[in-house]
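Remarks on the structure that follows.
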Amino acid sequence: MSAVDFEAVKSYLLDLQDRICAGLAEEDGQVGFQEDNWQREQGGGGRTRLITEGAVFEKGGVNFSHVFGGKLPPSASAVRPELAGRSFHAAGVSLVMHPENPYVPTSHMNVRIFVAEKEGEEPVWWFGGGYDLTPYYGFEEDCVAWHQVAKQACEPFGKEVYPKYKKWCDEYFYLKHRDEARGVGGLFMDDLNEATFGSFEECFKFIQAVGDSYLEAYRPIVAKRKETPFGERERKFQCYRRGRYVEFNLVFDRGTLFGLQSGGRTESILMSLPPVVHWDYGYEPEAGSAEAELYERFLPHRDWV
């Protein structure tokens, strides 16, 4: 493998999208993913896959994109000013699944590569990604199982890797204006390069380990909870908590900001937003309720494994 084998990563990402869509469609059992291929004027395009009104998934998207251009957007060069003026290639798979049943958590996963180039200089490259879980009603065993899979994916790369990226995930998916976590976390990492795992090849292997473990982490939880009976109360709370998801994605999420600032396809970028959301002014969960338990036991940062 060459120092930067972008095509190998792109091939992996397309295959990962296929495998995840196949697994989630099988779990839903009613509808499959609709595909929408798109191009952008500035360079590149993508393959959006969307599932709606399924037996399990009210809305979900699994997107592949490869975009490129002659100038980095502000969201990228602001944190890396030395890259200003470079051209770029960015590719990734990003997904968000919003189940209808409030007892099935929402999940998010992303793996990506970024290469910034300048004539006469070595390319600057890095990987990023991770996944996180957003339950509406907490189950200890689900959170433990989710984090166990994440830890197992990281362990071949060093004992310190899971704790580091678990902590980064807790810190990243945090709504500062609410002073609360978005969910129960998982993994988050960015700027993975030679300094992280020693080579392009090792960084790529790690990103593959993360991407390949997503279905192993999420699908058993969906299977276990998707038949749980629920009523209007649970549905209303789910829609209220979905508002936190919207707030984070529109205010803080790097991928959303990069996509919009780089001239990405707005429909595909915002497919991560849930279809039905409530903002209820001054809502407080009833003391001792399952809703209150989410705030008291599950959203505060903790070690699950």
Side-chain angles (χ1 to χ4, degrees), residues 6 9-10 12-21 23-24 33 44 46-51 59-67 73 75-76 79 88-98 105-115 125-134 146 149-150 153-154 161-162 165-166 168-174 182-193 196 203-219 245-246 248-262 264-265 268-274:
F6 190 90
V9 179
K10 182 176 177 179
Y12 165 74
L13 293 171
L14 286 164
D15 178 65
L16 178 66
Q17 184 192 33
D18 287 340
R19 288 185 283 119
I20 289 175
C21 287
L24 294 177
F33 285 81
R47 192 170 73 176
T48 295
R49 301 259 180 87
L50 195 68
I51 188 171
K59 180 186 177 186
V62 184
N63 289 350
F64 165 82
S65 65
H66 170 207
V67 299
S75 61
V79 294
F88 73 93
H89 281 262
V93 168
S94 181
L95 71 84
V96 177
M97 302 304 298
H98 291 291
T106 285
S107 71
H108 159 260
M109 191 279 294
N110 170 258
V111 285
R112 59 191 180 273
I113 182 175
F114 199 98
V115 180
W125 57 267
W126 65 90
F127 289 91
Y131 47 65
D132 65 288
L133 194 70
T134 306
W146 173 264
V149 173
C154 293
V161 173
Y162 166 74
Y165 295 147
K166 187 267 185 193
W168 199 348
C169 187
D170 287 342
E171 294 170 350
Y172 180 73
F173 291 106
Y174 195 80
R182 187 171 83 171
V184 298
L187 300 171
F188 180 85
M189 70 288 301
D190 206 359
D191 300 321
L192 303 188
N193 53 33
T196 312
C203 290
F204 183 25
K205 287 178 184 177
F206 177 68
I207 286 297
Q208 289 175 283
V210 173
D212 293 347
S213 66
Y214 166 76
L215 274 181
E216 181 186 352
Y218 187 51
R219 192 171 171 181
Y245 215 90
V246 174
F248 182 88
N249 278 26
L250 294 183
V251 177
F252 299 111
D253 188 72
R254 293 183 189 177
T256 301
L257 297 176
F258 172 81
L260 295 174
Q261 291 177 359
S262 63
R265 185 168 182 265
S268 296
I269 296 164
L270 298 183
M271 68 85 204
S272 63
L273 302 182

Could you give the distance from CE (M97) to OH (Y214), rounded to the nearest 0.5 Å?
6.0 Å
For V96 against H108, the heavy-atom pair lying closest together
CG2-CD2, 3.9 Å
Apply the test side chain to side chain contact (heavy atoms under 4.5 Å, CB included) to residues L24 and L215: give CA-CA distance (whole Å), side-chain angles for both, the deciding distance (0.1 Å), then the verdict.
CA-CA 8 Å; L24 294 177; L215 274 181; 3.8 Å; yes
Has the side chain of Q208 got a donor or acceptor atom that lies under 3.5 Å from a matching backbone atom of Y12?
no
Shortest non-hydrogen pair, L192 vs Y165, comes out as CD2-OH, 3.1 Å
Grab the two heavy atoms, one from P105 and one from Y218, that are nearest each other, plus how far apart they are.
O-OH, 2.7 Å
C203 to N193 - nearest heavy-atom pair and separation
SG-O, 3.2 Å
Any side-chain heavy-atom pair from R47 and L13 closer than 4.5 angstrom?
no
Side chain to side chain, S107 and L133, heavy atoms closer than 4.5 Å
yes
Gap between atom CG of L250 and atom CZ of F252 - 0.5 Å precision:
11.0 Å
With a 4.5 Å limit on heavy-atom distance, are the side chains of T196 and D191 in contact?
no
Report yes or no: is the cationic atom of R49 (NZ for Lys, CZ for Arg) under 6.0 Å from the centre of the six-membered ring of F33, at an angle within 45° of the ring normal?
no
Output for pair (D212 CG, I20 CD1), nearest 0.5 Å, gives 8.5 Å
Closest non-hydrogen atoms of C169 and D132, given as atom of the first, atom of the second and distance, are SG-CB, 3.9 Å
Please tell me if the side chains of F64 and L16 come closer than 4.5 Å, counting only heavy atoms from C-beta onward.
no
Looking at CG of L187 and CZ of F206, how far apart are the two atoms once the value is rounded to the nearest 0.5 Å?
6.5 Å
N110 CG to F188 CZ distance, which is reported to the nearest 0.5 Å
8.5 Å
Over 60° means perpendicular and under 30° means parallel, so classify the ring planes of H98 and Y245, tilted if in between.
perpendicular
Take V210 and M189 through the side chain to side chain contact (heavy atoms under 4.5 Å, CB included) test and state the conclusion after the steps.
CA-CA 10 Å; V210 173; M189 70 288 301; 4.3 Å; yes
Validation row: Q17, L95 side chains within 4.5 angstrom (heavy atoms):
no
Report the C-alpha separation of F248 and Y174 in whole Å, then their side-chain angles, then the decisive distance to 0.1 Å, and conclude whether the side chain to side chain contact (heavy atoms under 4.5 Å, CB included) test is met.
CA-CA 8 Å; F248 182 88; Y174 195 80; 6.0 Å; no
Would you call the rings of F127 and W125 parallel, tilted or perpendicular, where under 30° means parallel and over 60° means perpendicular?
perpendicular
If every non-hydrogen atom of G185 is compared with every non-hydrogen atom of D170, which pair is closest and at what distance?
CA-OD1, 4.1 Å
Evaluate F204 against I113 for side chain to side chain contact (heavy atoms under 4.5 Å, CB included), listing each step before the verdict.
CA-CA 9 Å; F204 183 25; I113 182 175; over 6 Å; no
Measure up the F114 and F88 rings against each other and bin them: parallel (under 30°), tilted (30 to 60°), perpendicular (over 60°).
parallel
If you measure from CG on N249 to CG on L273, what distance do you get to the nearest 0.5 Å?
6.0 Å
Taking the six-membered ring for Trp, are Y131 and F173 ring centroids under 6.0 Å apart?
no
